[in-house]
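Every chain is numbered from 1 and lettered A, B, ... according to where its sequence line falls, protein lines coming before strand lines.
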Amino acid sequence: MPWLGTLVLLGGSVVFVAVIDSLAFALIAQRPPVNLMRDALLAPWRAVAVSLVRQQNRTEHPDRLNWALAPALYLALAGIGLAVVPLAPGVAVIDAPTTVVLWGAVETLTVIAVFLHGWSANAPLPLIGAYRYAAMGLPIMLLSMFVLIGTALPAQSLSVVDIVASQHDVWNVLRQPLGLFLFLLLGLSLSLRGPFDYADSADLAGGTAGEVSGAARLTWQLARHAMLVAFAAMASSAFLGGYLGPVRAGPWWLALKMLVLITLLVGAGHSLARLPPSRMLTVLWTVLLPLAFLDLAQAGVVALW
Amino acid sequence: MVSGTDLAFWTLAAIAIVSGWRVFRTDSMVRSAFLLLLSFIAVGLIMLLLRAPYLGVATIFMMGVEMMVMALFMVMFMMNPAGLNPMNMVHQERFAIVAGVLAFAGLAAAVWLTDLPHHPLVAGRPVIRELGMELLGRSMLIFETAGVTLLATMIGTVVLSSRSGRFGPADAGSLPPTMTPGGMPAGRIPKKRSGGHGGHGGHAPSAASPTAGEPAHGHANDHPHQPPEHHA
Amino acid sequence: MSLQAILLVAAALIGLGLYGALSQKSFVMLLMGLELMLNGVLLIVVGCWSRSTDGDPKGQLLAIIVMAVMAVDMAIGFALVTAVYRKRQVDVIEGLTTMKH
Amino acid sequence: MSALRALAAAAPVAVFVAVGEGTSDRVDDLCLRAEIERVASPRHASVLLVAGGVRERDVASLRRLHDQLPHPRATLCWASDIPAHFGTPRTLPPDAAPVPALRELYRQLLTGEHPSESDLLPDEPPAPWRGIGEYGQGGKGMMGGTPYGRPMPMTDDDLRDGLALDAYTLRLGPFMPTLPAGLVLTLTLQGDVIQHARMESPPLWPAPPSSPHAAHAAAVREVEPLDDSSILHKQGSSAAASKGSKLGDSDATGSSAGQRGQDDSRYTPGIARTLAHREHQRAAQHLRGVARMLAVLELAPLAERCRRMACAIQHGDSVPIAPLRRALVRSGAFAAIPAGLGQLDPPMARALGGAALRAAGHAVDERLYDRAYRELNFRVLTQRDGDVRARLHQWLDEAEQSMHLASRAGDLAPAAASHADERDVGHDPLPADDAANMPAPNHDAFATLLRGLEWNEAMLVINSFEVAVLRRMYRPPKDPPEEAGATHHGHAM
């Protein structure tokens with residue numbers, strides 16, 4: 001029953017994301033080391049309780065339907081993203097021949113979910129966040145697809161299951177080290193973190209999430225964490241061999257790699273500065289996208305070798 | 001006797017058609033763009049049912065990007081993108097309805113009257129592999145042509161939409177249409193405006209006045225509107 | 001799910017798209033109508049490929065071409081809308097009665 | 001109390017702070033406590049903390065802000081008169097500790113002992129929504145009209161590429177956490193590019209001018225207006241600026257100090273203490289500024305670290321600045337700021353003064369004229385570019401220098417311990433609010449700086465100035481302001 005395993009993986013990792021998130025914040029902020037671990041362990045549950053106790057607010061003439069749908073869509077997309085990742089040889093919830101393209105569709109629709117979340121509140125700061133994210137999300141998605149196609153080349157397949165299997169001898173991170181780096185940027189963008197958090201950023205007083213409270217905000221935060229988990233699973237599978245390991249391949253290796261990637265991304269999200277959007281767009285189009293082409297070309301050459 | 005596939009097909013078909021219809025019936029431009037996306041997603045899923053996995057997912061993927069851009073353009077150009085002010089953005093509606101119905105009737109009749117060949121896809125055919133081989137094999141030229149066309153499109157798009165043109169700035173001598181007869185001189189544009197909306201600029205600024213005492217959200221605009229320049 | 005049913009659905013999409021393209025005043029909405037028609041075309045192509053060609057890969061190729069056409073028509077459409085807006089400050093069809101200037 | 005509420009009650013209190021006059025620094029320190037979580041949006045808060053006095057013209061915004069908090073909500077007024085028409089919120093005197101009061105209020109809110117506060121304003125649209133007009137749009141006109149009480153957007157010129165689409169005007173402040181407290185802006189945006197900017201209200205001082213209850217307040221006050229360029233203006237010549245800018249020019253500095261009759265100051269432990277204290281306050285102020293900028297760069301943890309350092313320094317601890325600078329370099333904070341962003345031209349820099357002036361390459365500093373500082377071999381640090389990045393560097397450099405001066409003052413003091421004379425440094429303190437006697441920039445520096453910037457860059461530019469400098473950019477409206485100004489969008493946070 002792959003879906004049960006996937007659910008367990010999702011739940012456990014989301015809690016891990018929440019805990020490591022507050023812990024990393026406290027450590028980087030150099031908070032006095034009193035009860036740091038305890039607070040970090042309790043923080044997610046307390047946040048859930050606070051959100052559930054709180055009323056869901058409304059603004060003047062919001063797009064109610066889309067405001068309610070956006071967090072749900074985001075969460076569902078995270079679920080679909082995780083579902084394409086195999087837990088063990090040939091065991092994935094969605095085992096189709098085109099799961100890489102499906103992952104691409106998940107990336108695209110994520111941009112739409114975030115845009116709708118900012119749009120629907122009918123308030124200026126969330127809307128600016130929504131625009132910024134749409135402008136930034138599309139080029140990042142483009143380069144991530146080049147990078148992913150690079151991983152599909154050695155597997156000669158568009159299926160994530162085959163991509164993991166193709167890394168039996170050597171992981172893709174060794175074949176395409178540039179690819180993993182570029183793909184990790186997508187992870188920050190998909191889960192709205194740190195240097196790629198153009199949607200829910202501090203300079204917009206919370207951005208797209210700035211006007212939501214209560215259960216809707218809880219769902220949104222949950223979806224952000226879940227999307228980070230889905231991304232970590234995808235990155236582990238595409239570049240780090242997924243469930244493969246030195247001894248006894250299995251889901252534990254996948255979980256281990258995910259935890260490492262999640263820690264890495266959460267730490268990066270808290271400790272790297274964000275460029276102003278116009279500057280970031282320039283970097284994306286003129287530096288990172290050509291790098292993605294380079295990565296793809298190099299992957300092709302290595303695959304033909 | 002309705003099979004699961006049939007049920008899924010008709011549900012998706014209903015979603016595709018209803019959302020396609022709502023596209024032109026909703027006030028909010030953003031909703032309208034994403035309703036069209038919903039229609040595309042439903043068609044993409046029907047393609048999956050038709051065992052075209054690559055085409056189906058690729059349609060969803062591509063249309064996601066396209067409709068996101070579409071929504072941005074809608075918000076950019078429309079003066080009332082959220083549809084909070086109901087307004088009539090429809091013309092020659094009766095003619096359009098007749099044309100639409102006729103098109104549907106004609107096509108349906110053609111479908112009905114034609115003896116359609118029945119050679120269904122053989123189960124187990126490696127369709128994605130075949131598509132790849134076709135694209136990069138015998139039909140390489142077609143594929144390359146499509147690629148070159150897309151490149152030409154990119155260049156053309158930049159040329160068309162950028163400000164700097166071959167004969168100076170694209171907006172030099174730009175003339176908005178008139179709101180009222182005898183208003184702004186816009187000689188080539190017939191004075192036939194009646195609905196009170198349409199053009200996006202060049203309207204008398206006098207009506208713009210900030211209102212008092214509103215609470216939270218809404219548009220405000222209290223700087224004097226500058227009439228467009230006349231270079232002509 | 002017979003081919004006839006698929007083609008009927010596609011015909012409905014084309015009819016709706018035609019209605020939209022003819023009835024909408026705004027350029028962008030007109031493009032939406034065109035896209036909806038192409039949506040129907042895409043469904044026809046894939047339906048015919050799946051039901052009446054034994055799965056000849058050229059059918060899929062045609063679908064890819066239709067998708068490329070959709071991309072091109074959107075891109076050029078938006079570029080034209082932008083160019084017209086720069087020139088005339090209009091985004092509705094009534095604002096454009098001459099092809100010159 | 002249900003388990004859910006008990007769990008929620010154990011969480012840090014989510015507080016939205018409406019920072020009033022002279023409390024910004026204390027609020028910063030307060031929010032370092034683990035029992036408090038300062039949130040950026042009123043939608044995420046349980047308690048509205050009104051800290052310090054609120055200006056008359058900000059009361060309307062405060063009332064709107066109150067209604068934006070989701071239920072259950074409560075208000076605590078700390079060191080603040082209850083603003084007019086604000087119901088009967090709980091109040092707290094300035095010298096009381098707000099954290100226990102906040103926690104208690106929050107607990108009572110969750111148990112229901114303190115009922116959630118109801119709206120202060122009627123919850124209704126400003127005009128009938130639908131049903132009027134040709135298409136039922138609810139008012140007259142589509143273009144430039146005001147259907148249902150809201151003006152429709154109108155097209156406006158565009159600075160980026162001339163595509164003249166709808167402009168959007170919004171009003172920000174005075175409680176928006178991204179901006180210095182009290183600052184109210186009106187921005188006209190095309191997309192996210194600023195077409196016009198106007199400062200409607202200047203920011204408030206971050207610490208009170210003189211309050212017996214705040215131990216460090218007076219010192220902060222001395223540091224704050226230490227706007228070195230003002231001396232030049234008193235001497236009435238820009239020649240002094242060029243003189244002063246020569247670093248080793250002891251003649252110039254000596255004679256200026258002589259004119260001011262400070263030659264007889266001797267280095268004593270008292271002076272050393274005062275000097276160290278002042279330098280600590282200065283370093284703390286600069287670090288708080290750095291923290292504000294880091295928040296805009298999405299570096300919240302580092303910003304918190306900065307504020308924690310500022311708090312420690314303000315209480316007299318010696319904290320090394322170098323590790324923070326290394327952390328900033330590693331985070332890419334300097335690289336993230338575009339070069340040339342918010343660059344001041346020389347006249348503007350001279351008119352604004354402060355660290356911004358030194359960041360633009362002018363070695364102008366009040367301390368040059370003080371013998372106590374000269375004995376410490378004080379020299380003015382400058383940057384070259386005068387942009388946002390240079391100002392960030394300048395703050396860090398000066399904070400580091402201040403810590404160094406403070407510790408050297410302590411080291412030198414025993415040598416001169418025979419003099420028991422407890423003279424103060426800075427004998428001739430500048431008038432408190434020198435914005436009054438400073439010549440204001442003769443054009444709207446604020447609008448010029450922000451014009452054409454994109455949102456995030458604009459926030460960087462605004463936060464790269466000290467409050468004193470921002471206050472100097474404020475130009476009161478020539479004609480009396482319509483009070484209908486509050487009708488803008490009013491994102492009253």
At what distance, to the nearest 0.5 angstrom, does CZ of D/Arg43 lie from CZ of A/Arg58?
9.0 Å
Within residues 31-43 of chain A, the residues sitting under 4.5 Å from chain D by heavy atom, in sequence order, are A/Arg31, A/Pro32
Can you tell me how far the CZ atom of D/Arg305 sits from the CG atom of A/Leu27, to the nearest 0.5 Å?
11.5 Å
So which atom in A/Arg54 and which in D/Ala14 form the shortest heavy-atom distance, rounded to 0.1 Å?
NH2-CB, 3.6 Å
Checking the side chain of D/Glu298 only, and the main-chain atoms of A/Ala202 only, is there a donor and an acceptor separated by less than 3.5 Å?
yes
From CG (A/Leu272) to CG (D/Leu299), nearest 0.5 Å:
8.0 Å
What is the distance from atom CD1 of A/Ile28 to atom CD of D/Glu304, rounded to the nearest 0.5 Å?
11.0 Å
If you take all heavy atoms of A/Ala205 and D/Thr178, which pair is closest and at what distance?
N-OG1, 4.2 Å
Against A/Asp203, only a single residue in D/Leu179, D/Asn456, D/Leu297 fulfils side chain to side chain contact (heavy atoms under 4.5 Å, CB included); can you say which?
D/Asn456
Provide the closest heavy-atom pair for D/Ser331 versus A/Ser271 in the form atom of the first, atom of the second, distance.
CB-O, 3.0 Å
Which residue pairs pass the ring pair (Phe, Tyr, Trp, His ring centres under 6.0 Å) test with at least one member in residues 21-53 of chain A, sequence neighbours excluded?
A/Phe25-A/His270
Side chain, backbone, both or neither: which part of A/Arg279 has a heavy atom under 4.5 Å from chain D?
side chain
Using side-chain contact (heavy atoms from CB on, under 4.5 Å), reason through D/Ser41 and A/Glu211 one step at a time and then give a plain yes or no.
CA-CA 7 Å; D/Ser41 161; A/Glu211 292 282 349; 5.8 Å; no
Compare every heavy atom of A/Arg274 with every heavy atom of D/Ala336, then report the nearest pair and how far apart it is.
CB-O, 3.8 Å
Given D/Ala327, D/Pro12, D/Cys306, D/Ala11, the one with more heavy-atom pairs under 4.5 angstrom with chain A than any other is D/Ala11
Given A/Arg217 and D/His44, is the side-chain contact (heavy atoms from CB on, under 4.5 Å) satisfied, shown in steps?
CA-CA 9 Å; A/Arg217 180 160 182 246; D/His44 305 162; 3.3 Å; yes
Looking at A/Ala49 and D/Leu4, what are the two nearest heavy atoms and their distance?
CB-O, 3.5 Å
Got a second to check how far A/Leu127's CG is from D/Leu189's CG, nearest 0.5 Å?
10.0 Å
So which part of A/Ser201 gets closer than 4.5 Å to some heavy atom of chain D, the side chain, the backbone, both or neither?
both
